[in-house]
Structure formats: structure tokens, C-alpha cells
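Contents: one structure, followed by commentary.
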Amino acid sequence: MAKAIALTKENIVKIAVKMINNEGWDSLNARSLAKQIGISTKPLYRIYDNMDEIKQDVLVEIYRQYDEFITSKIDNKKALLTLCIAYVEFANNYKNLFISLFLSDNLKWKKIEDVFDEKWNQGTIINLVNKHGFSFDEAKELFLHMWLYANGLATLIATNQIKLDEEKIMIRMVKIYKNLVK
């Protein structure tokens, strides 16, 4: 018999993230989550007021995992390159989590310039200015072109349109980076 887990917000979110990673964002509903936990839906609503509240906590956790992944990959000497490689690798390793964050209605960006407002992206632009001597406008332009390429590659990988291993991802990203900084 399976060991019963304590029904806490943390455990509910953990199981929901695992569900999404395996089956995608659309798999997350009260019935499927309750079934995965091994309970009826009623106990979920003793802890959470509604499904939207659960989904919000799940998004926060997915973003935390994304942030942790990116943090582990960034090299400040090559911040733009390593950020973009990590972004594509996250899409490759966690397709459904990537889709949930960046290819869904969960994305808070409404225009292309909103990408500059993200924590990692701001830091990378500042890194280009401080460590590599670009003007702020040049850094933003370089960042945007590099990120657009990385986002396209990540999207194609996450949606299973192409398959690339980490070595091929790195080779493609280094080539585009070198072409952009010429």
C-alpha cells in the first residue's frame, strides 16, 4: 500500500508540477490532481479556496524551478550566451514546464519589450554594458536579437518540432552569438 502524504499546499503543488511536467498544463484540474494524490476533490478545497489559487501557486513553483535552473547555468563572464543556452536547455529538458511558462496564457508579456523587464534579462543587459563595453541601447539590441533566436529554438524544441541535444544547442547558440557581436 502506498504511503499517504501529508496534504499540505507544498505537497499539492509538488504533485501538480510533476503532473504538468509529465502531461502538460491542461492536465491540471481538480479531479485529475485529486486522483493523482489519491483523494477526492473535497480535501483540496479545505486547503485552497479554488483551482485558480492552486494554479497560481503552481506557476510560482514552476517559475522558481526555472529560476533555479537558470541560476545554476549562468556564467557572468558570458551572461548573454549562457542565459540563452540555459533558456533553450530548460525547454529541452522540461518541455511542458517551458510551455506552461512561456507558450501559454500564463505569460504576462503583452509586447516584445516586456521581455526586458524580467530579472535575468535586466541583469544580462547590465552585464553587457558593464563587462563588455556596450552602450545600453546596443546591449538591449544585442540581447533582443539573441533572445529572439533562443526563444525560437526553445519553442521549436518544446513543441517537438525539432530535436537537439545539449551539444548541438550550444554550437548553434555560440554561432549566432559570434555573428551578432561582430
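As the structure is a prediction and not an experimental result, all values here were calculated from the model.
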Other residues, nucleotides and ligands only: do more than 12 of their heavy atoms fall within 6.0 Å of CD on Glu10?
no
Residue pair Lys55, Asp52: steps toward the salt bridge (charged side-chain N to carboxylate O under 4.0 Å, His left out) verdict:
CA-CA 5 Å; Lys55 287 181 176 183; Asp52 287 339; 5.4 Å; no
Yes or no on side chain to side chain contact (heavy atoms under 4.5 Å, CB included) for Leu164 and Asn92, after CA distance, side-chain angles and deciding distance?
CA-CA 8 Å; Leu164 292 176; Asn92 195 36; 5.8 Å; no
Can you find a heavy atom in the side chain of Lys77 that is under 4.5 Å from one in the side chain of His132?
no
Do Leu180 and His145 have side chains that get closer than 4.5 Å, going by heavy atoms?
yes
Out of curiosity, does Leu44 fall in the hydrophobic cluster containing Val60 (side-chain heavy atoms, cut-off under 4.5 Å, transitive links)?
no
Going through the distances and angles, do Leu83 and Asn127 end up as a side chain to side chain contact (heavy atoms under 4.5 Å, CB included)?
CA-CA 11 Å; Leu83 171 71; Asn127 176 280; over 6 Å; no
4.5 Å side-chain heavy-atom contact, Leu153 and Tyr149:
yes
Could you tell me how the ring of Trp109 sits relative to the ring of Trp147: parallel (under 30°), tilted (30 to 60°) or perpendicular (over 60°)?
perpendicular
Quick one, Ser32 with Asn29, criterion side-chain hydrogen bond (donor to acceptor under 3.5 Å, both in side chains). Give me CA distance, side-chain angles, the key distance, then yes/no.
CA-CA 6 Å; Ser32 63; Asn29 60 59; 3.1 Å; yes
Look at Lys9 together with Glu61 and state whether they make a salt bridge at an N to O cut-off of under 4.0 Å.
no
Is the OH atom of Tyr63 crowded by more than 12 outside heavy atoms at less than 6.0 Å?
yes
Are any of the side-chain heavy atoms of Asn22 and Asn96 separated by less than 4.5 Å?
no
When you measure from the side chain of Asp75 to the backbone of Thr82, do you find a donor-acceptor pair of N or O atoms at a distance under 3.5 Å?
no
Gln65 vs Tyr94 side-chain heavy atoms within contact, under 4.5 Å
no
For Pro43 against Leu7, the heavy-atom pair lying closest together
CB-CD2, 3.4 Å
So do the side chains of Phe136 and Val129 get within less than 4.5 Å of each other, counting heavy atoms only?
yes
Tell me whether the count of non-hydrogen atoms from other residues, nucleotides or ligands lying under 6.0 Å of NZ in Lys168 goes above 12.
no
Carboxylate-amine/guanidinium proximity below 4.0 Å for Arg64 and Asp67:
no
Tyr45 side chain to Asn50 side chain, donor-acceptor N/O pair below 3.5 angstrom:
no
Mind listing the closest non-hydrogen atom pair of Ser100 and Ile20 along with its distance?
OG-CG2, 3.3 Å
Applying the 4.5 Å side-chain criterion to the ILVMFWY set and letting contacts propagate, would Leu81 and Leu148 be lumped into a single cluster?
yes
Would you say NZ of Lys95 has more than 12 non-hydrogen atoms from neighbouring residues, nucleotides or ligands within 6.0 angstrom?
yes
hydrophobic_cluster_shared for Ile171 and Met173, side chain cutoff 4.5 Å:
no
Neighbour count above 12 (heavy atom, 6.0 Å) for Phe90 CZ:
yes
Non-hydrogen side-chain atoms of Asp114 and Lys111 separated by less than 4.5 Å:
yes
Ring centres of Phe98 and Tyr66 under 6.0 Å apart?
no
Kindly give the heavy-atom pair with the smallest separation between Gly24 and Ser27, and that separation in Å.
O-OG, 2.6 Å
So Ile126 and Lys131, do their side chains get closer than 4.5 Å, heavy atoms only?
no
